Undergrad: 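Below are the structure tokens for one structure; questions will follow.
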Amino acid sequence: MDIGTITLLMGAAIVLLMMLGVHLVFVTGSVAVITMLLTFGPNALPLIASRIYSTVDNYALVSVPMFVMMAGILERAGVARDLYDAMHVWSGKLRGGVALQTMIAAVIMAAMTGIVGGEIMLLGMVALPQMFRLNYDRKLAIGTICAGGALGTMIPPSLVLIIFGLTASVSIGDLFLASIGPGLLLAALYLAYIWVRCWLNPELGPVSNEGQNLSLAEKIALLRGLVLPVGVAALVLGSIYGGVASVSEAAAVGVAGAMICAAVRNALTVELMVAVLRQTMRICGTILWLTFGASALIGVYGLIGGTKFVAGLMAGLPLSPLGIIMVMMLIVFVLGTVMDWIGICLLTMPIFVPLVNELGFDPVWFGVLFCLNVQIAYLSPPFGPAAFFLKSVAPPDVTLQEIFAAMMPFIALQIVALGVLLFWPPLALWLVG
Amino acid sequence: MSRFSATLGEWMAPLFLVAVLISVYEVVLRYAFNAPTVWVHELTVLLSAACFVVSGLYALEREEHIRVTVISDRLPRPARRAVALLNIGLAMVFLLAIVWGGWSHAWEALSNWHRTRTAFNSPTPAILKPLIVLTAAAMVLQILVNWRRNGPNR
């Protein structure tokens with residue numbers, strides 16, 4: 001059987017099994033094993049266990065549980081909620097003020113965590129009822145929360161960038177720095193969109209008079225809620241940027257900082273730590289084992305020459321180098337509508353990144369492009385995880401259709417940001433040395 | 001079996017915290033006292049890696065592994081049962097391949113107590129390789145237990 005046929009069969013098997021609802025780790029893992037048995041026979045099987053070993057025996061991977069812990073502690077200690085309340089001080093007389101406040105809070109939260117689910121659920125519980133109560137346009141409110149929450153993957157620390165860095169052997173510190181510019185551009189586009197819409201049509205985001213009667217002292221007291229978490233985020237990014245610590249060490253310092261935040265608020269209890277540690281274990285279990293399955297699959301595929309086959313296929317396209325990058329982005333986008341980002345990253349990046357290097361592009365830039373694309377995948381129907389996270393905490397009259405419809409303008413803005421970065425790489429690379 | 005999976009996961013989880021504390025200790029020692037250690041780096045990897053491996057069993061017991069449920073939730077009951085069986089079958093293929101392909105290397109690493117041959121020379125391979133095989137074997141059992149626990153309604 002030639003490699004093209006094998007590729008088609010493997011792809012078809014993966015999509016079919018995935019759609020049927022087989023656990024992703026077992027889909028990728030078993031397709032890998034079966035392909036291996038059919039092509040090399042049982043002698044190749046030790047490869048799978050040894051790939052698992054080399055995956056976990058990696059210092060950079062240590063940052064994954066640490067960032068998960070950091071986010072978990074800050075969230076459970078109520079730091080994130082305080083942050084949102086502190087933003088209220090500024091939302092006063094502006095049209096659409098609460099939506100703008102939500103978006104800014106989302107950006108700061110994104111700098112404290114790399115996990116999207118928690119952020120969207122928290123904003124959904126805190127900000128959505130408030131915007132509904134103040135008669136905000138429902139779609140604007142819903143879109144703001146989902147798009148803002150999804151920024152968690154774009155603004156460092158971001159699990160997407162960590163996994164990309166590991167898969168593509170690119171410096172995670174560089175990726176973090178490179179994602180700051182595009183992340184802020186995205187946030188600025190969202191803010192401008194909310195502001196312009198509310199300015200053109202004040203009914204979308206009515207001015208509220210709440211928060212106007214606060215005294216200066218009260219405002220300062222609220223702002224205190226901001227200092228610690230922003231300090232932790234700055235500490236983590238600063239130590240990576242300043243070259244003081246590796247990403248994993250910076251993450252550990254971030255956990256310590258989060259624990260201090262919790263202690264200051266008298267929230268650092270044994271129960272809190274136990275809950276956070278168990279949550280970390282669960283998240284690692286799902287992410288890491290998915291990685292094992294996908295790495296077995298891509299390992300086998302590389303052995304039978306598939307990686308070269310696809311790279312050759314793409315390099316042979318009658319397109320400019322930038323055109324090939326666009327095709328890659330299109331593939332990621334299409335996969336993103338049905339597949340989890342970890343799976344996409346692990347399966348496609350070992351094929352794409354060598355080609356990106358060969359074409360003379362910076363893999364750091366490509367990583368940030370990928371990350372922006374994952375943002376779109378988070379929102380886009382039919383499997384946009386952001387919608388399901390929000391649905392799980394929103395009032396029952398908010399339907400999935402409404403959520404997906406609300407996201408459309410924000411998806412358009414994400415595509416704009418992707419285009420800007422595609423044609424203007426310095427947006428990402430100006431911070432990278 | 002379920003209790004074993006859950007308890008093991010819960011007892012291993014604090015190792016993450018240990019990894020955090022020793023990493024902070026290392027950063028402090030290196031920058032405040034200019035005295036880096038040789039053991040923090042490797043021990044952090046070993047502790048985290050052991051947790052990573054076992055976390056798969058923990059997540060399996062809690063049935064939290066990622067899957068696309070949008071279509072399967074709408075299937076009629078017999079079809080869902082068939083998918084559940086298919087899931088078990090494919091899980092077996094993957095997990096048994098890990099056990100079958102990995103055990104001889106694992107046994108070799110353990111019986112010769114393979115070390116990393118670095119300054120700290122930790123027994124990382126001797127611990128992790130058997131742990132991967134044992135966890136995969138435990139996951140085989142756990143998957144059968146999950147199936148029985150869920151009953152014929154899946």
Side-chain angles (χ1 to χ4, degrees), chain A residues 17-30 32-34 36 42 44-50 52-53 55-59 61-62 65-66 69 239 244-245 248-249 251-253 255-256 273-274 277-278 280-282 284-286 288-290 292-293 296 338-340 342 382-383, chain B residues 9-10 12-14 16-17 19-21 23-24 26-27 31 41 44-45 48-60 62 64-73 75 80 83 86-87 89-91 93-95 97-106 124-125 128-129 132-133 136:
Chain A
L17 293 174
M18 206 170 66
M19 286 299 151
L20 281 174
V22 176
H23 290 87
L24 278 178
V25 39
F26 301 135
V27 172
T28 49
S30 62
V33 172
I34 292 165
M36 197 176 257
L45 285 182
L47 180 78
I48 294 178
S50 73
I52 295 179
Y53 177 79
T55 306
V56 295
D57 184 27
N58 184 328
Y59 186 56
L61 202 59
V62 172
M66 292 189 179
M69 279 169 76
S239 49
V244 175
S248 300
E249 284 170 351
V253 171
V255 176
M273 287 310 294
V274 167
L277 285 167
R278 286 181 186 174
T280 308
M281 202 72 178
R282 290 205 307 273
C284 283
T286 53
L288 264 296
W289 275 76
L290 196 53
F292 297 164
V338 291
M339 207 173 173
D340 196 77
I342 308 173
F383 299 113
Chain B
E10 282 158 15
M12 299 266 302
F16 279 137
L17 192 59
V20 167
L21 296 179
S23 298
V24 173
E26 160 83 12
V27 172
Y31 287 95
H41 185 106
T44 313
V45 172
S48 312
C51 286
F52 290 153
V53 173
V54 172
S55 64
L57 179 62
Y58 186 60
L60 185 65
R62 303 181 61 112
E64 295 205 356
H65 282 289
I66 299 169
R67 65 197 194 105
V68 179
T69 53
V70 179
I71 294 172
S72 64
D73 282 351
L75 291 173
R80 262 187 297 178
V83 169
L86 181 68
N87 194 29
L90 295 178
V93 168
F94 180 50
L95 296 169
I98 296 174
V99 176
W100 200 82
W103 76 267
S104 64
H105 286 285
T124 304
L128 281 187
K129 285 183 179 174
I132 291 168
V133 171

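Keep in mind the model is a prediction, meaning the values are calculated, not measured. Residue numbering restarts at 1 for every chain, and letters A, B, ... go by the order of the sequence lines.
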Undergrad: Please find the pair of heavy atoms, one from V56(A) and one from V45(B), that lie closest to each other, and give the distance.
TA: O-CG1, 4.1 Å
Undergrad: Below 4.5 Å, heavy atoms only, C-beta onward: do C284(A) and Y58(B) meet side chain to side chain?
TA: no
Undergrad: Just verifying a value: how many Å separate L60(B) CG and W289(A) CH2, rounded to the nearest 0.5 Å?
TA: 9.0 Å
Undergrad: Decide yes or no for I52(A) and F52(B): does some side-chain heavy atom of the first lie under 4.5 Å from some side-chain heavy atom of the second?
TA: no
Undergrad: Tell me, out of G102(B), A97(B), G89(B), who's got the most heavy-atom pairs with chain A below 4.5 Å.
TA: A97(B)
Undergrad: Please look at M18(A) and chain B and tell me whether the side chain, the backbone, both or neither of the residue comes under 4.5 angstrom of a heavy atom of that chain.
TA: both
Undergrad: Is I98(B) in contact with chain A via its backbone, its side chain, both, or neither, using a 4.5 Å heavy-atom distance?
TA: both
Undergrad: Give the member of A44(A), G293(A), A49(A), P65(A) that has the highest number of heavy-atom pairs under 4.5 Å with chain B.
TA: P65(A)
Undergrad: Any donor and acceptor pair, going by atom type alone, linking the side chain of W100(B) with main-chain N or O of P46(A) inside 3.5 Å?
TA: no
Undergrad: For chain B, find which of T286(A), T280(A), V253(A), T28(A) contributes the most heavy-atom pairs closer than 4.5 angstrom.
TA: T286(A)
Undergrad: Does any backbone or side-chain atom of L17(A) lie under 4.5 Å from a heavy atom of chain B? Answer side chain, backbone, both or neither.
TA: side chain
Undergrad: Please identify, among S23(B), C51(B), A49(B), A91(B), the residue contributing the most non-hydrogen atom pairs under 4.5 Å to chain A.
TA: A91(B)
Undergrad: Which answer fits M19(A), side chain, backbone, both or neither, if we ask what part of it has an atom under 4.5 Å from a heavy atom of chain B?
TA: both
Undergrad: Check each atom of S48(B) against the heavy atoms of chain A and say whether the ones under 4.5 Å are side chain, backbone, both or neither.
TA: side chain
Undergrad: Can you tell which part of I48(A) gets under 4.5 Å to a heavy atom of chain B, answering side chain, backbone, both or neither?
TA: side chain
Undergrad: Please classify the contact of L290(A) with chain B as side chain, backbone, both or neither, using a heavy-atom distance under 4.5 Å.
TA: side chain
Undergrad: Could you look at L95(B) and say if it's the side chain, the backbone, both or neither that has a heavy atom under 4.5 Å from chain A?
TA: side chain
Undergrad: Checking heavy atoms, do the side chain of H41(B), its backbone, both or neither come under 4.5 Å from chain A?
TA: both
Undergrad: Identify the two heavy atoms, one from S30(A) and one from F94(B), that lie closest to each other, and give their separation to 0.1 Å.
TA: N-CB, 4.0 Å
Undergrad: Most heavy-atom pairs under 4.5 angstrom with chain A, which of A19(B), A13(B), A50(B), A59(B)?
TA: A13(B)
Undergrad: Please classify the contact between M36(A) and chain B as side chain, backbone, both or neither, with a heavy-atom cut-off of under 4.5 Å.
TA: neither
Undergrad: Can you check whether V24(B) reaches V255(A) side chain to side chain, under 4.5 Å on heavy atoms?
TA: no
Undergrad: Under a 4.5 Å heavy-atom cut-off, does chain B meet the side chain of L288(A), its backbone, both or neither?
TA: side chain
Undergrad: Under the side chain to side chain contact (heavy atoms under 4.5 Å, CB included) criterion, do V27(A) and L90(B) qualify, and how do the steps go?
TA: CA-CA 7 Å; V27(A) 172; L90(B) 295 178; 5.5 Å; no
Undergrad: Yes or no on side chain to side chain contact (heavy atoms under 4.5 Å, CB included) for V54(B) and M281(A), after CA distance, side-chain angles and deciding distance?
TA: CA-CA 9 Å; V54(B) 172; M281(A) 202 72 178; 4.3 Å; yes
